2 protein chains.
Amino acid sequence: MAELTPTEPARAAADAVRVVVVDDDALVRASLRMILGGDPRLEVVAECADGAEAVTVVQRLRPDVVLMDVRMPRVDGLTALRSLAAAGSPARVIVLTTFDADELVLRALREGAAGFLLKDTPPAQLVDGIHRVAAGEPILSPTVTAQLIASVAKPEDAERRAAALRALEPLTPRERDVAIAVAEGLSNQEIGERLYLGVATVKTHVAHLFAKLGVANRVQIARLVHDAGLG
Amino acid sequence: MAELTPTEPARAAADAVRVVVVDDDALVRASLRMILGGDPRLEVVAECADGAEAVTVVQRLRPDVVLMDVRMPRVDGLTALRSLAAAGSPARVIVLTTFDADELVLRALREGAAGFLLKDTPPAQLVDGIHRVAAGEPILSPTVTAQLIASVAKPEDAERRAAALRALEPLTPRERDVAIAVAEGLSNQEIGERLYLGVATVKTHVAHLFAKLGVANRVQIARLVHDAGLG
DNA sequence: GACCCGCTCCGCCCAAAGGTGGACCCGGCG
DNA sequence: CGCCGGGTCCACCTTTGGGCGGAGCGGGTC
């Protein structure tokens with residue numbers, strides 16, 4: 001057994017997950033520290049009150065996990081998250097927020113957050129989540145998961161796609177070829193070269209496309225093709 | 001078939017979550033029944049061996065939760081899921097699969113799955129997941145969550161968007177207006193009417209767009225505008 | 001003041017796109 | 001067989017798009 005240095009919390013295990021807590025509210029920090037302190041396999045190695053501080057501290061201390069608030073003065077959590085990702089920090093960041101703003105969730109995950117928890121998460125689940133994140137698992141609050149699912153399900157999106165596919169369905173194979181080429185921004189001349197057709201033939205197909213799709217110009221053909229997911 | 005008479009499992013609580021198990025493998029069904037049987041607050045009210053059976057059984061028994069395998073003879077799990085959703089069934093469906101095929105995950109969630117678990121999920125978590133789903137929470141296996149996050153994060157997607165935004169950034173406000181109108185498939189004439197401009201002015205702006213964006217025709221302007229997310 | 005820049009508009013010209021009508025080949029079908 | 005539809009191509013025409021140069025106006029800067 002190694003002797004413990006007197007300055008360190010005696011209860012942290014040697015292989016504890018090292019955590020940095022970032023929140024502008026001292027009460028929240030204290031509360032989190034108390035929750036995490038209950039688990040000897042977690043060690044809070046630092047607290048920060050804003051994003052700028054967090055970036056420098058995390059780069060120096062190299063913690064395993066960062067609990068990051070979103071709303072903070074000076075530099076907000078998402079910006080800090082981006083900075084860390086850009087700097088190649090291996091720390092896994094759990095974003096904490098009081099409200100589950102849809103937009104925030106997607107942005108945070110795009111910026112590389114490993115987790116997204118609401119502040120009303122029960123202490124036991126928070127502790128569990130930190131361990132999971134440290135182990136490489138992603139961890140999301142249920143409402144966040146639901147939002148994420150909704151964002152990929154998007155019934156309105158599916159409808160547009162379905163409508164576009166329906167519109168493109170009566171096209172002949174050749175017309176489809178031409179439609180796709182049009183959607184790529186090629187001229188009739190270029191389309192002819194790609195498909196080994198005369199310009200006149202391409203024009204004929206494009207004319208049919210206008211009629212069948214009920215549109216007036218090639219940009220609108222491109223819109224349909226893209227909506228159908230063929231671009 | 002294999003509908004169970006309520007007399008058999010005497011242990012199910014009166015307010016138990018009613019579950020239907022759907023899997024073509026009898027061993028898997030038996031195993032699931034054993035796992036769920038360990039919790040008196042769960043009641044397996046029926047087992048089905050394929051999707052077609054599942055649809056009729058679920059509509060008749062109206063269970064709270066359905067554990068649905070994906071790969072099954074005759075009617076697969078996703079098709080059954082769609083049928084149930086189309087029929088307005090309130091049953092919450094957890095899709096079970098051995099492998100975490102990316103494509104399957106997105107399809108299942110789009111079809112309205114309330115959860116997506118891998119078959120290697122520990123029994124305790126499976127039971128917990130069923131209760132959560134019954135309570136209205138979504139429930140995903142960690143690897144599935146990771147896939148979902150990856151599908152919204154899509155670095156390649158973000159890059160394209162960022163590149164498009166970068167390309168559009170040096171445009172003047174007016175040019176941006178014109179670019180968006182072009183992307184909607186309007187003619188120069190129509191753009192002029194919308195923005196109270198002469199056709200000549202619109203042409204000037206469009207010419208500037210070609211130069212600044214490095215493209216040769218309006219379809220390609222439309223592509224950029226869409227990639228930037230302004231469409 | 002001179003200057004640059006964004007915005008507006010003009011005219012001229014040519015190329016490309018789009019509209020119309022017709023032609024031929026070929027393969028499937030009644 | 002004749003008929004039809006997809007695919008290929010043509011000619012002719014009008015409209016639109018796109019290239020080029022020029023110009024005036026307002027606001028901001030040096």
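First the proteins, then the strands, lettered A, B, ... as listed; each starts at 1. Computed from a prediction, not measured in an experiment: that's the story for all the values here.
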Could you state the CG-C1' distance from A/L171 to D/dG7, rounded to the nearest angstrom? 14 Å

Checking contacts here: which listed nucleotide (D/dT8, C/dT8, D/dG18) is nearest the side-chain heavy atoms of A/L197? D/dT8

Per-residue pairing states of DNA chain C in dot-bracket (Watson-Crick or G-U under 3.5 Å; . unpaired, | other strand) read ||||||||||||||||||||||||||||||

side-chain contact (heavy atoms from CB on, under 4.5 Å) between A/I130 and A/V19, worked out: CA-CA 9 Å; A/I130 293 174; A/V19 182; 4.0 Å; yes

Identify, between A/N217 and B/V199, the residue whose nearest nucleotide on DNA chain C lies closer to the 5' end. B/V199

Classify A/A207 by what it touches in the nucleic acid, base, sugar-phosphate, or nothing, heavy-atom distance under 4.0 Å. nothing

Whole angstrom value for the distance that separates P of C/dT8 from CG of B/D177: 9 Å

Round to a whole Å and report the spacing from CG of B/L213 to C1' of D/dG18. 15 Å

Expressed in angstrom and rounded to an integer, what is the separation of B/Q220 atom CD from D/dG18 atom P? 10 Å

When you measure from the side chain of B/F210, which nucleotide among C/dG6, D/dG6, D/dG18 comes out closest? D/dG18

Just checking B/S187: base, sugar-phosphate only, or nothing, at a heavy-atom cut-off of under 4.0 Å? sugar-phosphate

Distance check needed: D/dT14 P versus B/Q189 CD, whole Å only. 19 Å

More 5' along DNA chain C: B/L195 or B/K203, using each one's nearest nucleotide? B/L195

Heavy atoms of other groups near B/R82 CZ, more than 12 under 6.0 Å: no

N-O pairing of A/K119 and A/D25 below 4.0 Å: no

What are the two closest heavy atoms between B/L106 and B/S151, and how far apart are they? CD2-OG, 3.7 Å

Determine, step by step, whether A/D69 and A/V22 satisfy the side-chain contact (heavy atoms from CB on, under 4.5 Å) criterion, reporting the C-alpha distance in whole Å, the side-chain angles of both residues, the deciding distance to 0.1 Å, and the verdict. CA-CA 6 Å; A/D69 186 27; A/V22 186; 5.7 Å; no

Answer yes or no: are there more than 12 heavy-atom neighbours, outside B/E156 itself, under 6.0 Å from its atom CD? yes

Which nucleotide in the set D/dG7, D/dC9, C/dG18 lies at the smallest distance from any side-chain heavy atom of A/P173? D/dG7

For B/R107, does the CZ atom have more than 12 heavy-atom neighbours from other residues, nucleotides or ligands under 6.0 Å away? no

Examine the base of C/dC9 for any acceptor or donor lying under 3.5 Å from a partner atom in the side chain of B/T204, and report the outcome as yes or no. yes

Nearest-Å distance, CZ (B/R174) to C1' (D/dG26)? 15 Å

Please find the pair of heavy atoms, one from A/E169 and one from A/R176, that lie closest to each other, and give the distance. O-NH2, 3.7 Å

Using a cut-off of strictly less than 4.0 Å, decide whether B/H205 has a side-chain nitrogen or oxygen near OP1 or OP2 of C/dC7. no

B/L209 CG - D/dG17 P separation (whole Å): 14 Å

Considering just the side-chain nitrogens and oxygens of A/N188, establish if one lies under 4.0 Å of OP1 or OP2 belonging to C/dA16. no

For B/H208 and C/dT8, give me the distance from atom NE2 to atom C1', rounded to whole Å. 11 Å

Output yes when at least one side-chain N/O atom of B/T201 is less than 4.0 Å from OP1 or OP2 of C/dC9, else no. yes

